[in-house]
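For reference, the structure is listed below as structure tokens.
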Protein chains: 2
Amino acid sequence: MQCLCETCVADLNTGKTMTTQQKHVTIQHIAERAGVSISTVSRVFNDSAGVKESKRQAVMDAAAALDYRPNLFAQGLASGQSMSVGVLTQNFGSAFYDGILRGIIAGLDNSNYAPLFADGRWRLDIEERALQTLLDRRVDGLILVGPQQSADLLKQLAQKMPIVIISRIVEGFEKFCLTVDNYDAGYRATKYLLDRGHHQIAHITGVLSESRVLRDAADRFAGYRDALLDVGLEPDPDLIVEGNFRTQSGLLAIETLLSRGRPFSALFVANDQMASGVRLGLYRRGIRVPDDIALIGFDDQPHSAYMIPPLTTIRQPAEEMGSIAAEAILNQLDDKPFSLPTMSAELIIRESVKSIY
Amino acid sequence: MQCLCETCVADLNTGKTMTTQQKHVTIQHIAERAGVSISTVSRVFNDSAGVKESKRQAVMDAAAALDYRPNLFAQGLASGQSMSVGVLTQNFGSAFYDGILRGIIAGLDNSNYAPLFADGRWRLDIEERALQTLLDRRVDGLILVGPQQSADLLKQLAQKMPIVIISRIVEGFEKFCLTVDNYDAGYRATKYLLDRGHHQIAHITGVLSESRVLRDAADRFAGYRDALLDVGLEPDPDLIVEGNFRTQSGLLAIETLLSRGRPFSALFVANDQMASGVRLGLYRRGIRVPDDIALIGFDDQPHSAYMIPPLTTIRQPAEEMGSIAAEAILNQLDDKPFSLPTMSAELIIRESVKSIY
DNA sequence: CGGTTGATTGAAAACGCTTTCTATGGTAAT
DNA sequence: ATTACCATAGAAAGCGTTTTCAATCAACCG
């Protein structure tokens, strides 16, 4: 890979060997070797204008021979584009986010854009910095998953670049939001229990508090409530406990639920993680699932299929959402129309719910 | 935030308003506003040379007033540095990786470097592209978690920039590798079972095949074998099954193990995911844990504490490894000495192992 | 008091690419 | 054969920083 064109030799002589020459082949080197100007080289790579086939080929050959890789910094500086889209999540480690990322990677796969990942770890300050990192890198588009930023900031961002917001609805901004219909999913989960003959159905919710920007917990809860109402059942406050989506809180919640002494035969838990905690709590008390209590979760985490017993749950189409988001960003980038559907979740029937009649 | 210095007004008049002026404040604008040259502004931000306090302050004020953010592309181009370190994992979604990422984020937190994440999804081709993305962005350092690249390539990379490799040992390159002592961990897991009175201990390994660059499975297995040997027990091939680290393979493995008909009272599984599969297999057969079979896993995934029963397992100090890796990179970047210890894993005792005497 | 020295500062040259703007040649039209 | 027009290329001007080089100024030395 030792090039001996003028430029390279000049580099060698000036002692730049170990830096420029060895380290980075530039458009200069290619131009020299192919016997054309750098403008032409640039044109070839961007096919931004007609270049005679012979030169084109020469450039391609030179580039291949020298293993040329454009300097993104230079490109970005000159063109004002970074050819990357920023992806901000809250927790790389969760199955739902992981699925989304997978979808995004796939969706961006044969575009010229590369994803740039950052993670907020559910902490506003970290999220802010992560976002800043992305912005500093001048991403051309942004996919935000469950962002906790203010609606104003989000709208402001949208002014400057294509954006897609997953798992959160920002008022007056629905066009850019991609969500799952949590209400419907909650409704259906509850309905499923009702249909199996259960009438006393408890619910452990996610984080509900007012200030919360993310409405998933509230929507699932509303679905639960309405499903009950629709069959003439009054939701019983004693059968409802607020959790915080974490495993531990499921354990706690089932304790308080049980301690209230109100009987129930089925339990709808707002996510699988908490369901996992619930399951342990039940096990500790010697309460069997599904014989004594039917259990239904939400999310279909990978290990839910391996719970004892395998958990009936609601699956969000994470991967599909990721690729839809990617596609939408790409379209926005191309000034093409796009639309983000409200996704619907799927009931995954396994073994944690038994019918009683 | 409307600036009326010469530069900005000029921008306004030339109609650059909606792009340059609104979009990006440059060092130019600051210089103008603070009444100094751009060189001085640059010096202030990098405190690369003495600048009189009065000017320094003026620059800072101007920067604050205009909400200046340096253009990383320009900085990168000019300085040859990107002030970022690339982090390549195999699967954002796994708890182990997630812990590492958390550690890295924390470790880089008060440095000037920002992490840039990419994920190989356990597929060599994707990993290659992800790495390329990182390289193209001219990261100043690289943290690779369980990379599958050839040793040659890794060494080559190390020539060019600081590097830390987690979870893989590259021969003759140990200085840059940060690993957990899997052999010791495997040994201790087995020893624990032995100490509880178990003599017929089965083992489900991870991916073992020769070509495999990652040795974790083989090391855990070797630890298992030697622990047995050390108490005078001959490892029984009929009690050993090779899995592939995935949940499903745990289920399969326990089936074949059981079908061989050789009795065993305890089972060491090379990771928690497979243990999860095993658990389900056992449940299906009505075999109780820990009463009929003692179970011990590896990794301490978050949900392992909530398995039925809670799983005794080995915890790798993921988060700590992440921050150690970050620190090592930072030190290399500063030309300071660094060293990567071999981490040792911790036995987490829960309820899936019962003593038999 | 002229010349040094050191601390500050500005001018200008990179950095590697994109993108006008111009120039060149050839081809089609008159 | 002229003129007009295209297609193709090169020159050169940025893009927003850093960094080298040179210049200015004041305090300091003998």
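The chains referred to below are lettered A, B, ... by the order of the sequence lines, with proteins before strands, and numbering in each begins at 1.
Cation-pi check for B/K175 over B/F338 is met; the charged atom lies under 6.0 angstrom from the ring centroid and within 45 degrees of its normal.
A close approach under 4.0 Å does occur between a side-chain nitrogen or oxygen of B/K55 and OP1 or OP2 of C/dT9. Note on A/Q28: every side-chain N or O is 4.0 Å or more away from OP1 and OP2 of C/dG16.
Protein atom CD of B/Q75 is 7 Å distant from nucleotide atom P of D/dT17, rounded to whole Å. As a whole-Å value, the separation of A/H24 NE2 from C/dA14 C1' is 16 Å. Taking atom CZ of residue B/R138 and atom C1' of nucleotide D/dT18, one finds them 17 Å apart after rounding to whole Å. Distance CD (A/Q81) to P (C/dC17): 16 Å, rounded to an integer number of Å. One atom, CD of B/E53, and another, C1' of C/dT9, lie 16 Å apart when rounded to the nearest Å. Nucleotide C/dC17 holds its P atom 13 Å from the CZ atom of A/F73, rounded to whole Å.
No option in A/L72, A/N112, A/L333 other than A/N112 meets the side-chain contact (heavy atoms from CB on, under 4.5 Å) test with A/M83.
Nearest to the side-chain atoms of B/I27 among the listed nucleotides D/dT18, C/dC17, D/dA9 stands D/dT18.
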- Begin from the C-alpha positions of A/R129 and A/D136 and carry the test salt bridge (Lys or Arg N to Asp or Glu O under 4.0 Å) through to its verdict. CA-CA 10 Å; A/R129 295 188 39 175; A/D136 282 349; over 6 Å; no

- Message: Let's go through B/F92 and A/F92 carefully: what are the C-alpha distance in whole Å and the side-chain angles of both, what is the deciding distance for ring pair (Phe, Tyr, Trp, His ring centres under 6.0 Å) to 0.1 Å, and is it a yes or a no?
- Response: CA-CA 5 Å; B/F92 281 156; A/F92 280 156; 4.2 Å; yes

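Each of A/K52 and A/A74 has a nearest nucleotide on DNA chain D; the 5'-most of these lies closest to A/K52.
Residues B/N71 and B/T26 are not in side-chain contact: their nearest non-hydrogen atoms beyond the backbone lie 4.5 Å or more apart.
Between B/W122 and B/Y97, the ring planes lie perpendicular to each other; the angle is over 60°, past the 30° to 60° tilted range.
Using a 4.0 Å cut-off on heavy atoms, the residues of residues 34-47 of chain A that approach DNA chain D are A/V36, A/S37, A/S39, A/T40, A/R43, listed by number.
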